[in-house]
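Scroll down for the structure; my scribbles are underneath it.
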Amino acid sequence: MSAGTTGPKRDTYRHGDLRNALIEAGLELARQGGPEAVVLRATTRQAGVVPNAAYRHFADRGALLHAVSQAAMARVARTMEAEQAALPPAADEAAAARARFRAVGTGYLRFAQEEPGLFRAAFHVPGDMTHAAADTAAGAGGKTPFELLGAALDDLVEAGLLPADRRPGAEFLAWSAVHGLAVLLIDGPLRGLHPSQAHDAGQHVIDMIERGI
């Protein structure tokens with residue numbers, strides 16, 4: 001730089017991967033305030049870039065919020081995977097399949113209670129199942145929460161614990177029950193339960209699902 005020349009002053013900086021930086025910033029906003037907190041201006045401020053920079057990657061707030069929702073869903077999947085990975089060795093394949101199935105529900109409920117803002121953002125999604133198997137919502141093992149549940153149910157069938165003729169649609173029944181409890185625990189009248197009571201309620205719901213599917 002020649003004498004007397006100064007570089008441009010910047011209050012922000014450039015990212016090598018702006019899209020992911022904005023998603024990470026959106027996740028942090030969602031953690032604090034749920035999906036309503038994910039707005040373009042706040043996200044660019046959090047990422048340290050000028051407001052217009054977001055439009056290079058996201059057409060509008062809806063596109064950004066969708067990407068944040070998918071990333072939050074991937075974190076749900078990773079929590080479910082961690083719950084499965086922490087399982088002790090099982091006595092046989094039937095016991096292992098049952099434990100993996102229960103871990104899916106336990107991990108789902110744990111994430112909802114530990115990260116309510118991200119949980120709300122994860123389910124701020126379009127009104128269909130279009131993205132339920134998208135790579136952007138997958139955990140480290142490549143499966144989304146919906147796919148992890150499906151795989152656990154398939155394992156129950158293979159282990160002889162779930163009749164094959166009752167397998168179709170079972171994920172919707174299991175998901176509805178666990179998700180309903182999750183919402184009651186973080187946004188409804190059960191949000192005042194002691195953590196041990198919330199845990200017991202979750203296990204009882206999973207018991208009910210096992211008996212019902």
Side-chain angles (χ1 to χ4, degrees), residues 10-85 104-151 171-172 175-176 178-188 191:
R10 292 181 60 87
D11 294 325
T12 59
Y13 59 92
R14 294 185 183 276
H15 282 277
D17 188 353
L18 178 56
R19 187 178 192 280
N20 280 333
L22 290 169
I23 292 172
E24 287 298 318
L27 284 167
E28 186 55 36
L29 291 168
R31 174 178 283 113
Q32 299 169 15
E36 294 79 10
V38 183
V39 294
L40 285 166
R41 183 170 292 276
T43 305
T44 54
R45 188 185 307 116
Q46 184 93 355
V49 297
V50 296
N52 286 344
Y55 292 104
R56 301 173 194 167
H57 300 279
F58 303 104
D60 53 27
R61 176 182 180 262
L64 171 62
L65 184 54
H66 173 67
V68 171
S69 171
Q70 290 293 99
M73 191 70 77
R75 296 192 178 198
V76 177
R78 289 200 290 271
T79 301
M80 293 161 71
E81 289 172 334
E83 198 75 32
Q84 290 183 323
V104 164
T106 301
Y108 190 95
L109 289 166
R110 179 160 68 86
F111 186 89
Q113 293 171 86
E114 292 179 354
E115 295 282 9
L118 290 180
F119 185 81
R120 296 181 189 107
F123 290 96
H124 194 86
V125 294
D128 56 34
M129 295 290 291
T130 302
H131 305 284
D135 291 344
T136 49
K143 289 185 174 64
T144 67
F146 188 71
E147 290 174 324
L148 286 167
L149 173 57
E171 49 266 274
F172 298 114
W175 185 15
S176 297
V178 175
H179 186 81
L181 177 60
V183 172
L184 288 170
L185 288 171
I186 66 173
D187 289 325
R191 61 184 179 274

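Each of L65, L22, L27 was checked for a side chain to side chain contact (heavy atoms under 4.5 Å, CB included) with V38, and the lone residue meeting it is L65.
Other residues, nucleotides and ligands contribute over 12 non-hydrogen atoms within 6.0 Å of the CG atom of D60.
If you take CZ on R31 and CZ on F119, they are separated by 15.0 Å, rounding to the nearest 0.5 Å. In this structure, the separation between CD on E114 and CZ on R75 is 13.0 Å, given to the nearest 0.5 Å. Rounding to the nearest 0.5 angstrom, the gap separating the CD atom in E147 from the CD atom in E171 is 10.5 Å. In this structure, the separation between CG on L18 and CZ on R56 is 6.5 Å, given to the nearest 0.5 Å. Expressed to the nearest 0.5 Å, how far CG of L64 lies from CZ of R19 amounts to 9.0 Å. Note that CD1 of I23 and CZ of F58 are 4.5 Å apart. Values are rounded to the nearest 0.5 Å.
Within the structure, salt bridge (charged side-chain N to carboxylate O under 4.0 Å, His left out) pairs that include any residue of residues 62-71 do not occur (at least two apart or interchain).
Closest heavy-atom contact between E83 and G107: CG-N, 3.8 Å. Residue A72 comes nearest to L118 through the heavy atom pair CB-O, 3.5 Å, listed as atom of the first residue, atom of the second, then distance. Of all heavy-atom pairs between E81 and G141, the closest is OE2-N, 2.8 Å. In plain terms, the two heavy atoms of A112 and I186 that are nearest each other are O-CG2, 3.3 Å. For R110 against A82, the heavy-atom pair with the smallest separation is NH2-CB, 4.3 Å. The nearest pair of heavy atoms linking V39 to E36 is CG1-O, 4.0 Å.
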Residues E28, R45; criterion salt bridge (charged side-chain N to carboxylate O under 4.0 Å, His left out); working and verdict: CA-CA 12 Å; E28 186 55 36; R45 188 185 307 116; over 6 Å; no
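Q70 places no side-chain N or O within donor-acceptor distance of the main-chain N or O of A134, the cut-off being under 3.5 Å. A donor-acceptor pair under 3.5 Å links the side-chain atoms of S69 to the main chain of A122, judged by distance alone. Although no hydrogens or angles enter the test, the distance criterion places a donor-acceptor pair under 3.5 Å between the side chain of R191 and the main chain of D187. Distance alone, capped at 3.5 Å, places no donor-acceptor pair between the Q46 side chain and the L29 backbone.
Classified by interplanar angle (parallel below 30°, tilted 30° to 60°, perpendicular above 60°), the ring pair H179/Y108 is perpendicular.
Using a 4.5 Å heavy-atom threshold, the side chains of H66 and H131 count as touching. With a 4.5 Å cut-off on side-chain heavy atoms, E115 and T79 do not count as touching. With contacts defined as side-chain heavy-atom distances shorter than 4.5 Å, the pair V104/Q84 qualifies.
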